[in-house]
Novice: 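Okay, here's the structure, questions in a sec.
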Amino acid sequence: MTRIGTMCRALLGAALGMAMLAGPAQAQGQVNIQAVTQPSPGIPQWTRVDIPMLREGLPQRSNGRIRVTLASWPERNLNGPEIVRLVRSGQVDIGAVPLNTVAGDVPLLDMPDLAGLNPDIGQARRVAEALTPELNRGLERIGVRIIATAPYPAQVLFCRDKVNSLADLRGKRIRTGGGSINDFVTAVGGQAVGIGFPEVYGALERGVVDCAITGTGSGNGARWYEVTTHMYALPVAWSTFGYFVNLNWWNRLDAPTRDLITTTFAELQDAQWKLGEEATEDGIACNIGQRQGCSIGRLVENRPMTVTRATPEDLQTLRGILTNNVLPAFVRRCGAACGETYNRVVAPISGVRYEAR
């Protein structure tokens, strides 16, 4: 064999050896996902849905090809408003946060869950799904998109003292998650206070705030019943949240991986909306110590809370606040185009139109 032939054979052998080493690794294509999703590890949205479907489910369904490092906000020392920025920068691949919490960055995100807009969870879902394409058109300009929406239970008031009506909220300092719920609190004569969810327990305990708004079950999961006595069960909103992905990361995924994640999140979305509905009444029953009806949350047997249901008059007042206060304030923050989007997409569902003032 000539020297050239020997060199060619050696090069061919080396190439085949490298191909044998590279082939299996390329076939496996390990995908490692960093995800931060829930404001507390004690809530059922985390324990019943995100853990089994993301941390455990995606690796199983991908035969180990996908690995998910999943954390709750407190585990990463986060309060919520920074979630979309972390996703946008690529520090996490997937982040979940209530839309109103990050509406300061993207005002349009406040629209699906405006205070007083959705009297029931069925309408909240119809509005969220109708608006998702509109939201993504804006979000994709900053490198982010929503791949699923979900609710928490009905957003109600947990208070240190007795509250029986909207009138009783006048003068009270009320913790909100931001966005249009601030407009609601101002309209009823209260003072809106922005505090991250993980810090609310301490704020209620110390009397920094008189009341705090969150889901009936979310407050139960975070043990707010230990630092409050009364629940005013007016469904102000649903704290609709989104699962956000980094768009560059998402577009780099191969088609089978992206399809599997898309399918998983469609199923997760269904599971979360179902849980939100079930957890609303369950949260009330658990917090007031009613064993019958409490199967998801913790039954409060020592110092159960007192619950007051919203009257038809208060529900009508809430709808008036939406029309006269919340919608105009939202459009001022978001711009005239947002009012047009609301009337085109949401008004046919809600039956309430935005009128320029």
Novice: Going by the salt bridge (charged side-chain N to carboxylate O under 4.0 Å, His left out) test, which pairs reach into residues 313-323, not counting sequence neighbours?
Specialist: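 For residues 313-323, and leaving out neighbouring residues, there are no salt bridge (charged side-chain N to carboxylate O under 4.0 Å, His left out) pairs at all.
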
Novice: Test: salt bridge (charged side-chain N to carboxylate O under 4.0 Å, His left out). Region: residues 178-205. Which pairs qualify, not counting sequence neighbours?
Specialist: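 Of all non-adjacent pairs touching residues 178-205, those that pass salt bridge (charged side-chain N to carboxylate O under 4.0 Å, His left out) are D183-R333.
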
Novice: What pairs of residues pass the salt bridge (charged side-chain N to carboxylate O under 4.0 Å, His left out) test when at least one of them lies in residues 283-296, not counting sequence neighbours?
Specialist: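 For residues 283-296: R291-E301.
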
Novice: Apply the test side chain to side chain contact (heavy atoms under 4.5 Å, CB included) to residues V144 and V106: give CA-CA distance (whole Å), side-chain angles for both, the deciding distance (0.1 Å), then the verdict.
Specialist: CA-CA 11 Å; V144 175; V106 184; over 6 Å; no

Novice: Could D282 and R298 be called an ion pair, given the rule that one side-chain N must be under 4.0 Å from one carboxylate O?
Specialist: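 Between R298 and D282 there is no salt bridge, as every charged N stays at least 4.0 Å from the carboxylate O atoms.
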
Novice: With sequence neighbours excluded, give me every salt bridge (charged side-chain N to carboxylate O under 4.0 Å, His left out) pair touching residues 219-239.
Specialist: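 Counting only pairs at least two positions apart or across chains, the salt bridge (charged side-chain N to carboxylate O under 4.0 Å, His left out) contacts touching residues 219-239 are R223-E226.
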
Novice: Sequence neighbours left out, what pairs pass ring pair (Phe, Tyr, Trp, His ring centres under 6.0 Å) with at least one residue falling in residues 336-357?
Specialist: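 For residues 336-357: none.
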
Novice: Within the distance-only criterion (no hydrogens, no angle test), does the side chain of Q45 pair as donor or acceptor with the backbone N or O of I43 below 3.5 angstrom?
Specialist: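 No, Q45 side chain to I43 backbone: no donor-acceptor pair under 3.5 Å.
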
Novice: Could you check whether any side-chain N or O of S218 sits under 3.5 Å from a backbone N or O of T214, counting only pairs where one atom can act as donor and the other as acceptor?
Specialist: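 Flag not set: sc S218 to bb T214 has no pair under 3.5 Å.
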
Novice: Say whether T323 and R353, considering side chains only, have a donor N or O and an acceptor N or O under 3.5 Å apart.
Specialist: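 R353 and T323 do not have a side-chain donor-acceptor pair below 3.5 Å.
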
Novice: Could you note down all residue pairs passing ring pair (Phe, Tyr, Trp, His ring centres under 6.0 Å) where residues 64-83 supplies at least one of them, sequence neighbours left out?
Specialist: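 Matches after skipping sequence neighbours: none remain.
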
Novice: Can you tell me which residue pairs pass the ring pair (Phe, Tyr, Trp, His ring centres under 6.0 Å) test with a partner in residues 263-287, sequence neighbours excluded?
Specialist: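 Sorted result for residues 263-287: Y243-F265.
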
Novice: In a table with atom names and distances, give each donor-acceptor pair under 3.5 Å that connects a side chain of residues 187-196 to protein atoms at least two apart or in another chain.
Specialist:
none

Novice: According to the side chain to side chain donor-acceptor pair (under 3.5 Å) rule, which pairs have a member within residues 83-100, sequence neighbours left out?
Specialist: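 Listed by first then second residue: R85-D105, S89-Q91.
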
Novice: Which residue pairs satisfy the ring pair (Phe, Tyr, Trp, His ring centres under 6.0 Å) criterion with at least one member in residues 162-209, sequence neighbours excluded?
Specialist: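 Applying ring pair (Phe, Tyr, Trp, His ring centres under 6.0 Å) to every pair that reaches into residues 162-209, excluding sequence neighbours, yields F197-W224.
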
Novice: Assess the side chains of E75 and S72: does a donor N or O sit below 3.5 Å from an acceptor N or O?
Specialist: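 Yes.
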
Novice: A quick test of your reading: do over 12 heavy atoms of other residues, nucleotides or ligands sit less than 6.0 Å from CD of E129?
Specialist: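 For E129, atom CD is crowded (more than 12 foreign heavy atoms under 6.0 Å).
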
Novice: Enumerate the side chain to side chain donor-acceptor pair (under 3.5 Å) contacts for residues 152-161, please, sequence neighbours excluded, ordered by first and then second residue.
Specialist: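 As it turns out, the side chain to side chain donor-acceptor pair (under 3.5 Å) pairs with a partner in residues 152-161, which skip direct neighbours, are Q38-Y152.
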
Novice: Under the side chain to side chain contact (heavy atoms under 4.5 Å, CB included) rule, collect the residues that match up with Q123, sequence neighbours excluded.
Specialist: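 Residues passing side chain to side chain contact (heavy atoms under 4.5 Å, CB included) with Q123: N118, P119, D120, R126, V127, I349, S350.
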
